[in-house]
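Owing to the predicted nature of the structure, the values given are computational and were not obtained by experimental measurement. Below, chains carry the letters A, B, ... as their sequence lines are ordered, and counting in each starts from 1. For the numbers below, each heavy atom of this structure counts, side chains included, while hydrogens, waters and symmetry mates do not.
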Number of protein chains: 2
Amino acid sequence: MPDIKHFDPQAALDTAVRLFWRQGAASTGIQDVVTATGLNRSSLYATFGGKQDLYLAALRRYVRTHSEPAFERLTQDGRGLPAVADFFAGLIEVRCSGEYARWGCMITNAHAARTENDDPEVLRLLDGHHQHLLGALHAALLSAQSRGQLPRDAELQCAAELLALLAYGVNLRSRSGADPEALYRTVTATLASLGAIAAAS
Amino acid sequence: MPDIKHFDPQAALDTAVRLFWRQGAASTGIQDVVTATGLNRSSLYATFGGKQDLYLAALRRYVRTHSEPAFERLTQDGRGLPAVADFFAGLIEVRCSGEYARWGCMITNAHAARTENDDPEVLRLLDGHHQHLLGALHAALLSAQSRGQLPRDAELQCAAELLALLAYGVNLRSRSGADPEALYRTVTATLASLGAIAAAS
DNA sequence: GCAATCTTGGAACGGTCGTTCCGAGATCCG
DNA sequence: CGGATCTCGGAACGACCGTTCCAAGATTGC
């Protein structure tokens, strides 16, 4: 009986992700989304609800399509430190060149845009993302340990936290035009001495 | 002949700093500034110009009153690694407790809020801030080296960059409620092994 | 083809945005 | 005290905000 949707909701959501990612939620109007997706206000509201719902859906989609695949790769990759090195190399490349150059990371940006009295669901999502990142790094460091790339008594938790914060720093500074080679040097130097970091904890 | 200002522009600017710092520029309306400062729209525009000028002035004032004193202390403090440790301890304390708890760093937030087509002066300010931070860290590491806390052949540049990115990460995560003790542990572990990092570069 | 049901187009809502303008008030110089 | 000059209070501007509403269009089951 009913009519059917005349557009692909996921494609529209991807467009919204790009807008929110590049400009932030506060600087992106519904009109921007309407213009970019080409579909109508009514369809937007009927499909995604209000702006906050749309932003939350965009955040979730970003995590699923951009963050988690990289985390999954890092978790599965059993090579240890080389896996971590590849993770950061890919991160820097995505942040500084290609379609998303200088956009930073949508989740990192959301950290800075977050306010005390906005949707607590956003905060939960940010924490979930952080835990996933920590978990993936920890898994990689565990592989490194079992392969003798790190001391047996290394405390991996602090090392994982350091790398996570370092990733946030890379995301943040890349948005303001940081030199990718300087970022790469810093990351490489850090990884080269990770054993000492982990042992010192 | 002329009338005189009936308010203290710097006090008003401090109020604006707090608003932009906590809520971000995009989410802060001129009306918010008017209400918080108690002065009139006309006085605001006559004194600071439009919103973008006000935001820029607020950024500059934040750097002068919040960032640079800490950078200066770090630069002057000749103790080496303990100076760096104190710098981070103070950073974590400010970010997680007291009046500005969970506000993050205004400059860090500005990194994430920045857009390609906004005032290039903002970008220059962010880069200047980054260079100041790098310089202060480098000076402290130089002291550490001269005191034998770091190897003589240590490459300090990468270590300073790592610490700067780590500081950004602390600022960012603190805004979303990161555990201060976990942050402290991570920073302490990193500093404890800084010698290895610097030598590996 | 008819009726039911959802989607779509587009106007319209009240509110807030950043900004401007002008009359009224306050202040200092001569 | 007089007059010049700036500040201050507050209304007003057009534009845009997120959101709602309704009629028109499209589709499916009978």
Checklist entry - If every non-hydrogen atom of Ala178(A) is compared with every non-hydrogen atom of Arg102(A), which pair is closest and at what distance? => result O-NH1, 3.1 Å
Checklist entry - So among His66(A), Glu72(A), Arg73(A), which one has a side chain to side chain contact (heavy atoms under 4.5 Å, CB included) with Pro69(A)? => result Arg73(A)
Checklist outcome for this item: Applying ring-ring contact (aromatic ring centres under 6.0 Å, His included) to His138(A) and not counting sequence neighbours gives none
Checklist outcome for this item: Regarding the side chain of Asp3(A), the nearest nucleotide among dT27(C), dG9(D), dT27(D) is dT27(D)
Item to check | Whole-Å gap separating P (dG9(D)) and CG (Leu44(B)) | outcome: 11 Å
Checklist entry - Between Ser43(A) and dT8(C), is there a side-chain N or O to OP1/OP2 distance below 4.0 Å? => result yes
Item to check | From Phe20(A), Trp21(A), Tyr62(A), residue fulfilling ring pair (Phe, Tyr, Trp, His ring centres under 6.0 Å) relative to Trp103(A) | outcome: Trp21(A)
Item to check | Rounded distance (Å) that lies between atom C1' of dA26(C) and atom NZ of Lys5(B) | outcome: 14 Å
Item to check | Sugar-phosphate or base contact per nucleotide [nucleotides 12-24 of chain D; S, B, -; heavy atom under 4.0 Å] | outcome: -----SSBBB---
Checklist entry - Rounded to the nearest Å, what distance is computed from the CG atom of residue Asn40(B) to the C1' atom of nucleotide dA11(D)? => result 11 Å
Checklist entry - Will you find, in the side chains of His132(A) and Ser67(A), an N or O donor that is under 3.5 Å from an N or O acceptor? => result no
Can you give the donor-acceptor pairs under 3.5 Å from side chains of residues 80-92 of chain B to other protein atoms, not counting sequence neighbours?
residue	atom	partner	partner atom	Å
Asp86(B)	OD2	Arg79(B)	NH2	2.9

